**Student:** 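My questions all concern the structure below.
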Amino acid sequence: MNLLQKSLSCFLLCLPAALSADNIPAYLDEEQPLEVRVEDALSRMTLQEKIAIIHAQSKFSSPGVPRLGIPEIWTTDGPHGIRPEVMWDEWDQAKWSNDSCVAFPALTCLAATWDEHLSHLYGKSIGEEARFRDKDVLLGPGVNIYRTPLNGRNFEYMGEDPYLASRMVVPYVKGVQENGVAVCVKHYALNNQETRRHTTNVILSDRALYEIYLPPFYAALTEGDAWSVMGAYDLYQNQHACHNKRLLIDILRNEWGWKGAVISDWGGCHSTEEAIVNGLDLEFGSWTDGLKGGSLNAYDNYYMAYPYLKLIKEGKYTTKELDDKVRHVLRLTMLTAMNRRKPFGSFHSPEHYAAARQIGAEGTVLLKNDGNVLPLRCDGKQKVLVVGENAVKMMTVGGGSSSLKAQHEISPLKGITYALRNKAEVKWVRGYVGDVTGEYNGVVTGQDLSDNRSPEQLIAEAVEESRNADYVIFIGGLNKSNNQDCEDTDREGLELPYSQDAVIEALAAVNKHLVVVNISGNAVAMPWVKKVPAIVQTWYLGSEAGNAIADVLTGAVNPCGKLPFTFPVSLNDVGAHALNAYPGVERTDGSKIWDVEYKEDIFVGYRRHDSEGIKPLFAFGHGISYTSFDYGKLSLSAPAISADDTLTASITVKNSGSCAGKEVVQLYISDKKSSLPRPVKELKGFKKVSLQPGESTTVTFSISRSALSYFDADRHEWVAEPGEFQVLVGASAADIRSRASFTLK
């Protein structure tokens, strides 16, 4: 009996007795409107059942109402793959033999594809895996904005630009929820660093909040119709985000009119009374030692359990707020666990591995390719030397809650070796020693990466081997260890760890065909950038990592990824650091709260580089190809429009190279004169086109009032001021190919 059969059997056994087609309650009748079903179920519940349904019963589940046949809700990490089963009340895995998953690329990679169709494929595929495993809520995707390259959790998010993140998250949400599995969009809101994430109070302008940090959540919840959202750990306006009146009541419910369920991050709830009145619906993870907390059932002592019930019985609160919470949880349950029309899902399918490989390859970014070192040209006589720990280290294990137990993980070395079989002799040397461990919550890689040689010995070996190699491929970067790309810790600096810069410098000095492949979820400093002819930025690519990387290096896939965030030359080029606005200042009142003021305001990423005239190492939206693309002259449908009109912008793009390729055409808007400071330009459109050699296509964009507006905090509304605007179209934020002006009347 599989998981689906078991769940159906349990559901039928839990149904109230003596039901027939004639007397089935409205809440069980899927022909009834959802709100009717919710109200019917609510009317039948006791006070104790209402309290029970709004908090956890285990690490990853909340109870239903057995008396009414309302099933449990089962959640799962994470945004990149379905987490292995854990013990009922422990973080360590339950040691099942059938819960290894397909690991998909990190969301930085998905954002780097700039492809909404691939985003839907990603969501559909991971949703099918979650459905097969009988999960109701997938804890992701993450859409927090990339504010600093030190944030240890940036690899789980979709970059620095709110428009890009908004457009990429919506198809993901829809793809997952087509399977009857809810997404839980996280972390709402302002969770932009891991350092002191539980005690950081964010201070920022309303304009920055609405223009930069809220748009991806708004898109996911309203346009994507996400069924749940996760509150963040941080504080905003001195209230924790998981029970924050401004975020959850004023904005989420009153402004956006959203009806889904607000779920706490694990341990994100801190107050019964604030949780009651400030919009939290479902509490998870408080006192995460669970049943070991010294009580017969520690879950009943959660903030929204017996303490809440006690306040109601004492008359301090009515059931008004409780009923609203239960409505939201019931709605979530009926859309997921009680949905008898959802598909069956699938697990480990060839289609899922193919999707992971395609997304991994199309999200890989070719940063530099002087002398056309890439793609590799091998005819059976070449020697290819691969250098670096990241060529062999498993990356699916570690990094925090996104850690996975993958059915398999193809290493870069294995992928390159297989791709070049019969074409080249491939050899690997260590180069550097980083993190030799490989374990997280009981999932063990089984790799022995220990090496007692000194850094000097490792470099000497790599240099000696590289002298006679036709190609040298250095594969390094970050990993998912503490103070790298990892939950609960931030990086300590922009530089590469483990003295990798010294290795790269030494290799560049002896071999002119050096390719550096950087694996990371963050930008890194590259002091050797002018000495290395070819640089590839890739990410944590999951199960098919090695195959995806090899596809790009060998030319089986023409690179078409674009950076979803700016690579600065140094931290001083980043507003959060240049303005001394990270990681915050500790209060002197003994509260242990740290205030972090977003002094850079709306000038995040390329917006700051533009406004300050700072040249980036690699610009937002940058990514080159093995072919070339020529842009024609931009044309607009009218020289002037009114606020309610839509302007059409068109441009011809031609593949002027010798091989097929894909180009991401990017549209930016510039307000030439504004009553408030505005960025030099802002991304407001993009389209990915596929062209054969010599082929041309016309790319068309529609520009409406929303693309021209800024948020006026004093008026609390979006404003499009009359005046001159400029449309800029190009291949990156720093590579504008054509521009045209129009007037907003």
Side-chain angles (χ1 to χ4, degrees), residues 77-80 106-112 138-170 172-173 183-198 200-204 208-221 224 226 228-236 240-242 244 247-248 251-252 262-266 268 399-402 485-491 521-523 539-540 564-566 574-576 581-584 596 598 600 602 604-605 607 620:
D77 288 317
H80 308 140
L107 292 186
T108 43
C109 177
L110 178 60
L138 180 71
L139 302 175
V143 291
N144 294 99
I145 292 296
Y146 185 111
R147 178 178 179 251
T148 164
L150 301 191
N151 182 8
R153 216 165 179 182
N154 276 335
F155 72 97
E156 294 187 49
Y157 304 145
M158 295 188 179
E160 74 184 28
D161 185 78
Y163 182 85
L164 175 63
S166 296
R167 299 281 39 88
M168 292 300 293
V169 72
V170 170
Y172 179 110
V173 170
V183 298
C184 187
V185 186
K186 61 186 188 183
H187 304 87
Y188 182 75
L190 304 171
N191 192 165
N192 305 113
Q193 64 187 63
E194 291 298 290
T195 297
R196 292 184 285 273
R197 59 180 177 165
H198 295 275
T200 291
N201 179 60
V202 176
I203 302 169
L204 81 167
L209 178 68
Y210 277 83
E211 287 192 21
I212 304 297
Y213 297 99
L214 289 185
F217 290 101
Y218 179 77
L221 300 184
S228 67
V229 69
M230 181 185 291
Y233 281 136
D234 56 272
L235 296 90
Y236 167 62
H240 281 92
C242 282
N244 186 289
L247 294 175
L248 301 181
I251 296 174
L252 196 67
V262 176
I263 299 175
S264 74
D265 204 342
W266 270 233
S401 60
S402 64
D485 285 321
C486 185
E487 180 179 358
D488 205 28
T489 63
D490 282 347
R491 298 168 65 195
N522 265 304
W539 323 92
Y540 304 111
F565 49 79
T566 304
V574 179
Y582 167 91
V596 55
Y598 288 14
E600 71 278 13
I602 61 171
V604 176
R607 289 165 169 81
F620 171 79

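Worth saying up front: this structure is predicted, and the values here are computed from it rather than measured.
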**Student:** Under the criterion side chain to side chain donor-acceptor pair (under 3.5 Å), which of Tyr146, Tyr582, Tyr598, Tyr157 is the partner of Asn192?
**Tutor:**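 The side chain to side chain donor-acceptor pair (under 3.5 Å) with Asn192 is passed solely by Tyr598 among Tyr146, Tyr582, Tyr598, Tyr157.
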**Student:** Apply side-chain contact (heavy atoms from CB on, under 4.5 Å) to the pair Val229 and Leu248, showing each step before the final yes or no.
**Tutor:** CA-CA 10 Å; Val229 69; Leu248 301 181; 5.5 Å; no
**Student:** Give me the atom names and distance for the closest heavy-atom approach of Ala226 to Val185.
**Tutor:**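 The answer is CB-CG2, 3.7 Å.
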**Student:** Using only atom types and a distance under 3.5 Å, with no angle test, would you say the side chain of Glu211 pairs donor to acceptor with the backbone of Ile602?
**Tutor:**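 No, the answer is negative, given that no donor and acceptor are paired below the 3.5 Å cut-off.
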**Student:** For residues Glu156 and His80, determine if any side-chain heavy atom of one lies less than 4.5 Å from a side-chain heavy atom of the other.
**Tutor:**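 They are in side-chain contact.
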**Student:** Working to the nearest 0.5 angstrom, can you tell me the gap between His187 NE2 and Phe217 CZ?
**Tutor:**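 Those atoms lie 8.5 Å apart.
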**Student:** Between Asp77 and Trp266, is there a side-chain heavy-atom distance shorter than 4.5 Å?
**Tutor:**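 Counting from C-beta outward, Trp266 and Asp77 never come under 4.5 Å.
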**Student:** Between His240 and Gly268, what is the shortest heavy-atom contact and its length?
**Tutor:**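 That would be CB-O, 4.4 Å.
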**Student:** Which heavy atom of Leu107 sits nearest a heavy atom of Gly142, and at what distance?
**Tutor:**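 Closest approach of Leu107 to Gly142: CD1-N, 3.7 Å.
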**Student:** Is the number of heavy atoms from other residues, nucleotides or ligands within 6.0 Å of OH (Tyr210) greater than 12?
**Tutor:**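 Yes.
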**Student:** Between atom CG of Asp265 and atom CG of Asp234, what is the distance when rounded to the nearest 0.5 Å?
**Tutor:**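 Atom-to-atom, Asp265:CG and Asp234:CG are 10.0 Å apart.
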**Student:** Would a 4.5 Å heavy-atom cut-off, applied to side chains only, mark Leu209 and Ile251 as touching?
**Tutor:**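 Touching, per the 4.5 Å side-chain cut-off.
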**Student:** Check this for me, if you would: do Glu160 and Arg607 make a salt bridge, where the nitrogen-to-carboxylate-oxygen distance has to be below 4.0 angstrom?
**Tutor:**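 No salt bridge links Glu160 with Arg607.
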**Student:** Shortest non-hydrogen contact from Asn244 to Tyr236?
**Tutor:**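 The answer is ND2-O, 2.8 Å.
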**Student:** Donor-acceptor pair, distance only, cut-off 3.5 Å: does the side chain of Glu194 make one with the backbone of Asp488?
**Tutor:**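 Pair found, side chain donor or acceptor close to backbone of Asp488.
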**Student:** Could you report the tightest heavy-atom contact between Ala232 and Ala241, atom names first, then the distance?
**Tutor:**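 Minimum heavy-atom separation between Ala232 and Ala241: O-CB, 3.5 Å.
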**Student:** Would you give the length of the straight line joining atom CE of Met158 to atom CG of Leu110, rounded to the nearest 0.5 angstrom?
**Tutor:**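 Between atom CE of Met158 and atom CG of Leu110 there are 5.0 Å.
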**Student:** State, with a plain yes or no, whether a side-chain heavy atom of Leu139 is found less than 4.5 Å away from one of Ser401.
**Tutor:**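 A side-chain contact under 4.5 Å is absent here.
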**Student:** Nearest 0.5 Å, please: how far is OH in Tyr213 from CG in Leu204?
**Tutor:**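 These two atoms lie 7.0 Å from each other.
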**Student:** Under a 4.5 Å cut-off applied to non-hydrogen side-chain atoms, are Asn154 and Phe565 in contact?
**Tutor:**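 Of all side-chain heavy-atom pairs linking Phe565 with Asn154, none is under 4.5 Å.
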**Student:** Between Asn191 and Met230, is there a side-chain heavy-atom distance shorter than 4.5 Å?
**Tutor:**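 SC-SC contact between Met230 and Asn191 ruled out.
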**Student:** With a 4.5 Å cut-off on side-chain heavy atoms, are Thr108 and Tyr540 touching?
**Tutor:**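 The answer is no, as the side chains (C-beta and beyond) never meet within the 4.5 Å cut-off.
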**Student:** Quick one: closest heavy-atom pair of Pro216 and Val143, and the distance?
**Tutor:**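 The answer is CB-CB, 3.7 Å.
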**Student:** Can you check whether Glu487 reaches Ser402 side chain to side chain, under 4.5 Å on heavy atoms?
**Tutor:**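 They are not in side-chain contact.
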**Student:** Can you tell me how far the CZ atom of Arg197 sits from the CG atom of Asn151, to the nearest 0.5 Å?
**Tutor:**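 CG of Asn151 is found 10.0 Å from CZ of Arg197.
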**Student:** Out of curiosity, Asp485 CG to Asp490 CG, how far, rounded to the nearest 0.5 Å?
**Tutor:**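 Spacing of CG (Asp485) from CG (Asp490) equals 10.0 Å.
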**Student:** So, does Arg147 use its side chain to make a donor-acceptor pair with the main chain of Ala576 at under 3.5 Å?
**Tutor:**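 It does not hold such a pair.
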